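Contents: one structure, followed by commentary.
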Amino acid sequence: MTTNRHHRTLSARWMRLPQTLAILAASILWSAATPAVSQAQHNDGPWWKHAVLYEIYPRSYQDSNGDGLGDLNGITQRLDYLQNLGVDAIWIAPMYPSPQVDFGYDISDYENIDPNYGTLADFDHLQTEAKKRNIRIVLDMVLNHTSDKHQWFIDAASSRTNPKHNYYVWNEGIPANSAGVTEFQKRYEHDGHVPPNNWTSTFGGSAWEWVPAVHQYYYHFFYKAQPDLNWRNPVVEKAMFDQMRFWLDRGVAGFRLDAIPTLFEDPQLREEKALGGTNAQGDPNYSDAYQSNLPEVHDVIRRMRAMINSYPGERVLIGETYLPNTAALNLWYGGEKHDELQLPMDFLVGFHGDHDKLDAAKFRTSLNEAETQIHGSQPLFVFDNHDNVRSWDRYGDGEHNQQIARILAAILLTTRSTALLWEGQELGMVTTTPTRKEDVKDPIGVTGWPKEKGRDGERTPMQWDDSKNAGFSDAAATWLPVPPNHTTVNVKTEESDPDSLLNWYKQLIAMRRSDPTLRDGKQIMIDESNPSVLSYVREGVAGHPSVIVALNFTAQPQTISLDLSKAKVSGKTVSTLLTNAPDLKKSTSLNITLPPYASWIGSIK
């Protein structure tokens with residue numbers, strides 16, 4: 001999230017020890033068996049290193065009971081599809097009990113399942129069925145904040161003397177007549193006090209919310225219903241690690257850590273720098289330098305990594321890390337020590353600012369940085385997720401979207417990286433943004449309309465077939481409307497079309513899975529001065545041939561002569577592995593003409 005249970009007592013933990021041991025035993029059996037399959041196939045590192053991860057938004061994937069909302073049993077029903085696609089693990093967006101103010105990212109109980117999505121028994125069944133298909137489950141873990149309906153916060157907000165009060169970040173504010181108080185702060189005056197500084201919430205308004213019962217403000221980086229936890233309190237760290245252990249004991253493969261750079265805020269509460277202008281909510285634009293990416297977070301992540309390393313089965317930590325450059329990303333791996341996140345998300349390749357466009361030089365630079373500036377760590381490239389306009393729309397020109405989508409898929413799946421897919425990306429689903437404020441469900445769209453229309457457009461139901469509601473639900477109405485293009489853009493239609501985007505993804509994933517070169521071969525850029533074509537070589541591994549990739553980023557044919565000398569790869573001819581250019585399917589030459597927006601992948605002989 002970028003725009004963006006009660007703590008159990010020791011006695012309660014002892015009471016459930018037999019159950020915990022049984023779950024842990026099952027977890028050990030799972031982790032002992034499954035990686036052996038992966039190692040037999042790949043023999044090139046932990047399972048996550050070359051995985052295809054697939055994000056599922058449970059509300060939108062498959063409705064199994066006709067209420068218009070997706071659920072866990074619906075995901076279970078679709079596991080065969082995910083297996084056939086070639087998915088190694090699914091990341092499930094929050095399915096914990098929640099008031100659903102921010103659709104699950106406001107958690108009121110970390111150790112259960114929201115009734116909208118099912119039960120713990122349904123989760124266990126999903127995990128059992130996923131295991132049969134060699135698919136692991138990664139859970140979204142929201143550590144920055146809880147819901148204001150979590151019992152911890154209810155207790156914390158009841159009295160300053162309550163033991164849970166210091167679980168959150170509180171401040172009495174400052175007198176409203178203090179020097180330097182801004183008009184923005186004065187909007188939030190209570191009992192003669194205003195918030196202690198000019199910090200804003202990502203969802204609009206002040207980041208401080210008044211609670212009369214304790215005569216204090218609490219801090220919330222995100223929505224006011226999402227109070228920030230106080231990570232400077234060691235009791236909070238232990239409590240949150242215990243929430244993670246609950247699921248690790250249950251056998252999950254790891255966690256995607258939501259908004260992880262925001263765990264800490266400046267203890268001096270210093271004013272943020274004014275950037276000028278106003279945001280979509282009409283608030284002044286300020287920096288968030290004192291609210292995000294503070295150095296203390298890395299100490300927590302190192303301890304978290306040590307904690308998950310104590311479990312068998314190569315558990316993984318994936319971080320939602322929107323960062324300014326690759327050097328900053330490197331810190332989240334732990335630099336050369338490699339002791340923090342295994343997979344901080346690299347958004348620098350797939351997101352190039354507010355106006356994404358196919359720019360060979362930009363892609364070349366960002367891919368080179370990922371190859372050379374993270375101390376040999378494994379990149380995790382991301383082009384799509386539940387928080388951003390789909391890459392189909394961000395990069396598409398309205399005429400060549402199909403070809404451009406294939407270019408992006410080729411980059412995602414032939415570069416040296418772990419790959420993350422967002423549900424429907426493999427189909428070419430489009431962003432379907434509401435056209436009326438009254439139809440908006442996303443709180444940031446409600447507060448920011450019309451400048452900020454929210455994230456509903458990329459969260460619409462998965463399109464399975466051309467029937468009513470796209471095969472997602474039998475309900476009269478679904479929680480978000482199904483896009484009208486579901487009659488042609490859907491799984492059923494694309495599975496039967498050999499030239500569909502879905503089958504392009506399947507072919508790329510199958511190639512990557514079967515070829516050690518595409519998983520672990522060194523990546524070397526060639527033809528680096530070419531402004532129109534991105535070309536690179538994956539150096540051969542374990543006797544397998546090197547692979548060459550050439551992608552035309554323009555609407556004009558591009559003739560190229562590929563010089564392999566920089567890559568120090570011998571070979572004068574090629575054999576085409578995959579292309580969407582019919583004339584190149586039998587090409588054997590390194591001198592080729594790429595049609596507009598063509599993708600071509602070859603094996604060097």
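All figures in this text were calculated on a predicted structure; none of them were measured in a lab. We use all heavy atoms of the structure for the numbers below, so side chains are in, but hydrogens, waters and symmetry mates are not. Count residues from 1 along the sequence.
Using a 4.5 Å cut-off on side-chain heavy atoms (C-beta onward), Asp442 and Asp102 make contact. In this structure the side chain of Leu53 never reaches within 4.5 angstrom of the side chain of Leu421, judged on heavy atoms.
Heavy-atom contacts from other residues, nucleotides or ligands closer than 6.0 Å to CD of Glu336 number 12 or fewer. Surrounding NZ of Lys224 are at most 12 heavy atoms belonging to other residues, nucleotides or ligands under 6.0 Å away.
Residues that satisfy the side-chain contact (heavy atoms from CB on, under 4.5 Å) test with Gln62, not counting sequence neighbours, are Gln77, Arg78, Trp464. For Gln268, the side-chain contact (heavy atoms from CB on, under 4.5 Å) partners at least two apart in sequence or on another chain are Asp266, Arg270.
Ion pairing between Lys273 and Asp288 fails under the 4.0 Å rule for side-chain N and carboxylate O. Using a 4.0 Å cut-off between charged side-chain N and carboxylate O, Asp242 and Lys238 make a salt bridge. Under the 4.0 Å criterion applied to side-chain N and carboxylate O atoms, Arg394 and Asp356 are assigned as salt-bridge partners.
Below 30°, between 30° and 60°, or above 60°: for Tyr57 and His386 the angle between ring planes is below 30°, a parallel geometry. Classified by interplanar angle (parallel below 30°, tilted 30° to 60°, perpendicular above 60°), the ring pair His298/Trp332 is tilted. Ring pair Tyr96/Tyr110 is tilted by interplanar angle, where 30° to 60° counts as tilted. By the 30° and 60° cut-offs, the orientation of the rings of Phe184 relative to Tyr188 is perpendicular.
Applying the salt bridge (Lys or Arg N to Asp or Glu O under 4.0 Å) test to pairs two or more places apart or on separate chains, those with a residue in residues 169-179 are Arg160-Glu172.
For the ring-ring contact (aromatic ring centres under 6.0 Å, His included) with Tyr219, the lone residue among Trp210, Trp170, Trp199 that qualifies is Trp199.
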Practice task
Starting from the C-alpha separation in whole Å, work towards a yes-or-no answer on side-chain contact (heavy atoms from CB on, under 4.5 Å) for Leu69 and Asp63.
Solution key: CA-CA 5 Å; Leu69 294 175; Asp63 172 15; 5.7 Å; no

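Annotation: Trp247 is in aromatic contact with Phe123 [ring centroid separation under 6.0 Å]. Aromatic rings of Tyr218 and Phe153 (six-membered ring for Trp) have centroids within the 6.0 Å cut-off, being under it.
Under the 3.5 Å distance criterion, with hydrogens and angles disregarded, a donor-acceptor pair is assigned to the side chains of His165 and Gln216. Counting only N and O atoms by type, the side chains of Tyr311 and Asp249 include a donor and acceptor under 3.5 Å apart.
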